[in-house]
S.K.: 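To start, I am sharing the structure in question, which I have written as structure tokens.
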Amino acid sequence: MTEAAARLTPGTPCWVSLMVHQLPTTQEFYGALFGWEFRPGPQQLGPYVRALLDGKEVAGLGQLPPDRHLPTAWTPYLATDDAGASAQVISSSGGTVAVGPLDAGDAGRMAIASDPAGAVFGLWQAESHAGTAIAGAPGTPVWNELVTRETSSIVKFYQAVFGYDAEPVVSADFDFTTLLLEKKPVASLHGVGHALPRDRGAHWMTYFAVEDADAAAALVTDLGGHVVQQPRETVSGRAAVVADPEGAVFTVVRPRG
């Protein structure tokens, strides 16, 4: 195991991955949007590439089998020291383990699961591959937020699996909780009630850093995607919710500071 992998605290978001129907087209889209280059990754679940920025791995893209008519969505992977043990806790806490745990070559051990509300996430037990190797630069994932109906019951699930501390916003009209590890924010939960998209349900949203959110949103459209929510000022910075040509939704954000 690498030194970086050994230090990763369980529950830390460490990787994001996207399974798509047209892998070459998707590579072209994200390569043009974020400047990613690609190299082959583990092939246990089919064709898979890792996206690189300046030679450093930032995300994964995989090809869905032709008979799997699934919606495409970015999936965050949360670090674990023992994917098997975490999978058991997920199952006993009301979640569902859909894939694995299984070995991804010598890179590590992984599983795909969903929480009690149906939001999908991954587990990653690192060996040679610790996860995202660069943080904060444009084109890298900088935050993960769970969009769900309500947070009070769901936060207990994630605490049971990963031992997070939770910092809720006390407000009658705003349901928001920050998840912390060792007193550092690592992810957030946003309860949106009946505003939850019916076509997607509860889901994790990945935020990617960009130099200019307005320009990035315009480029998404030029590349065959579309803008779901126009650029606006948020607590995280100026951000836009967008979708790639296959409909995978993500947020581009120019972080504050």
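Counting from 1, the numbers follow the sequence of the chain as shown.
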S.K.: Are Met205 and Val142 connected into the same hydrophobic cluster when the rule is that any two of I, L, V, M, F, W, Y join if their side-chain heavy atoms are below 4.5 Å apart?
M.R.: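 Looking at the clustering, Met205 is in the same group as Val142.
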
S.K.: Please output the side-chain donor-acceptor pairs of residues 51-59 that fall under 3.5 Å, not counting sequence neighbours, one pair per line with the distance.
M.R.:
unit_1: Glu57; atom_1: OE1; unit_2: His129; atom_2: ND1; d: 2.9
unit_1: Glu57; atom_1: OE2; unit_2: Arg39; atom_2: NH2; d: 3.1
unit_1: Glu57; atom_1: OE2; unit_2: Arg50; atom_2: NH1; d: 3.3

S.K.: Check side chain to side chain donor-acceptor pair (under 3.5 Å) between Arg256 and all other residues, then give those that pass, not counting sequence neighbours.
M.R.: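 Not a single residue meets the side chain to side chain donor-acceptor pair (under 3.5 Å) criterion with Arg256.
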
S.K.: Going by side chain to side chain donor-acceptor pair (under 3.5 Å), name the pairs with one or both residues in residues 242-252, residues two or more places apart or in two chains.
M.R.: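 Sorted result for residues 242-252: Tyr30-Asp244.
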
S.K.: So do Pro245 and Leu223 actually touch side chain to side chain, heavy atoms under 4.5 Å?
M.R.: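 A side-chain contact is absent here, since even the closest heavy-atom pair is not under 4.5 Å.
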
S.K.: State which residues pass side chain to side chain donor-acceptor pair (under 3.5 Å) with Asp214; sequence neighbours excluded, sorted by chain then number.
M.R.: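 With neighbours one apart ignored, the set is Arg238.
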
S.K.: How close do Ser236 and Val253 get, counting heavy atoms only, and between which atoms?
M.R.: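 Shortest heavy-atom contact: O-CG2, 4.0 Å.
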
S.K.: Does Ile90 reach the side chain of Leu123, with side-chain heavy atoms less than 4.5 Å apart?
M.R.: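 Touching, per the 4.5 Å side-chain cut-off.
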
S.K.: Once rounded to the nearest 0.5 Å, what's the spacing between atom OG1 of Thr80 and atom CG of Leu78?
M.R.: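 Taking OG1 in Thr80 and CG in Leu78, the distance rounds to 9.5 Å.
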
S.K.: Under the rule for side chain to side chain contact (heavy atoms under 4.5 Å, CB included), what residues qualify as partners of Pro168, not counting sequence neighbours?
M.R.: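 In terms of side chain to side chain contact (heavy atoms under 4.5 Å, CB included), with neighbours along the sequence ignored, Pro168 is linked to Thr177.
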
S.K.: Taking the hydrophobic residues Ile, Leu, Val, Met, Phe, Trp and Tyr, and joining any pair whose side-chain heavy atoms are under 4.5 Å apart, which ones share a cluster with Phe176?
M.R.: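 Same cluster as Phe176: Val169, Phe174.
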
S.K.: Atom OG of Ser93 and atom CZ of Phe157: how far apart are they, to the nearest 0.5 Å?
M.R.: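 Separation between the atoms: 6.0 Å.
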
S.K.: Taking Val89's backbone N and O only, do any of them form a donor-acceptor pair with Ser92's side chain (distance below 3.5 Å, no angle check)?
M.R.: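 Yes, Ser92 side chain to Val89 backbone: donor-acceptor pair under 3.5 Å.
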
S.K.: Check side chain to side chain contact (heavy atoms under 4.5 Å, CB included) between Ser114 and all other residues, then give those that pass, not counting sequence neighbours.
M.R.: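 Ser114: side chain to side chain contact (heavy atoms under 4.5 Å, CB included) contacts with Thr96, Val120.
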
S.K.: Using 0.5 Å steps for rounding, measure from the CD atom of Gln27 to the OG1 atom of Thr25.
M.R.: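 Going from CD on Gln27 over to OG1 on Thr25, the span is 9.0 Å.
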
S.K.: Fit a plane to each ring of Phe250 and Trp74, take the angle between them on a 0 to 90° scale, and name the class: parallel (under 30°), tilted (30 to 60°) or perpendicular (over 60°).
M.R.: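 Phe250 vs Trp74 ring planes: perpendicular.
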
S.K.: Taking side chain to side chain contact (heavy atoms under 4.5 Å, CB included) as the definition, give me every residue that meets it alongside Ala137, ordered by chain and number, with sequence neighbours left out.
M.R.: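 Side chain to side chain contact (heavy atoms under 4.5 Å, CB included) check on Ala137 returns Ile134, Thr140.
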
S.K.: Would you say Leu179 and Phe162 make side-chain contact, with heavy atoms under 4.5 Å?
M.R.: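 Sidechains of Phe162 and Leu179: no contact.
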
S.K.: Quick one: ring-ring contact (aromatic ring centres under 6.0 Å, His included) partners of Phe29, sequence neighbours excluded?
M.R.: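 For Phe29 there are no ring-ring contact (aromatic ring centres under 6.0 Å, His included) partners, ignoring immediate neighbours.
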
S.K.: State, yes or no, whether a side-chain contact exists between Leu64 and Met19 at a heavy-atom distance under 4.5 Å.
M.R.: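 Yes, side chains in contact.
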
S.K.: List in chain and number order the residues that pass side chain to side chain donor-acceptor pair (under 3.5 Å) with Tyr164, two or more places apart in sequence or in another chain; answer none if no residue qualifies.
M.R.: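 With neighbours one apart ignored, the set is empty.
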
S.K.: Restricting to side chain to side chain donor-acceptor pair (under 3.5 Å), what partner residues turn up for Arg254, sequence neighbours left out?
M.R.: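 For Arg254 there are no side chain to side chain donor-acceptor pair (under 3.5 Å) partners, ignoring immediate neighbours.
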
S.K.: Rounded to the nearest 0.5 Å, how far does CG of Leu181 lie from OG1 of Thr9?
M.R.: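 Thr9 OG1 to Leu181 CG: 6.0 Å, rounded to 0.5 Å.
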
S.K.: Can you label the angle between the Phe208 ring and the Phe34 ring as parallel, tilted or perpendicular, going by 30° and 60°?
M.R.: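 Because their plane-to-plane angle lies in the 30° to 60° range, the rings of Phe208 and Phe34 count as tilted.
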
S.K.: Contact between Pro101 and Gln88 at the side-chain level, heavy atoms closer than 4.5 Å - yes or no?
M.R.: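 Result no, sub-4.5 Å side-chain heavy-atom pair not found.
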
S.K.: So how far is it from Trp15 CH2 to Leu8 CG, rounded to the nearest 0.5 Å?
M.R.: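 So the CH2 of Trp15 and the CG of Leu8 are separated by 12.5 Å.
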
S.K.: Using a 4.5 Å cut-off on heavy atoms from C-beta on, say whether the side chain of Asn144 contacts that of Val16.
M.R.: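 Side chain of Val16 against side chain of Asn144, heavy atoms only: contact under 4.5 Å found.
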
S.K.: Is there a path of hydrophobic side-chain contacts, each under 4.5 Å between heavy atoms, that joins Val241 and Leu146?
M.R.: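 No: no chain of side-chain contacts under 4.5 Å links Val241 to Leu146.
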
S.K.: Compile the donor-acceptor pairs under 3.5 Å between side chains in residues 187-199 and protein atoms, sequence neighbours left out, one pair per line.
M.R.:
unit_1: Ser188; atom_1: OG; unit_2: Trp143; atom_2: NE1; d: 2.9
unit_1: Ser188; atom_1: OG; unit_2: Glu145; atom_2: OE1; d: 3.0
unit_1: His194; atom_1: ND1; unit_2: Arg149; atom_2: NH1; d: 3.4

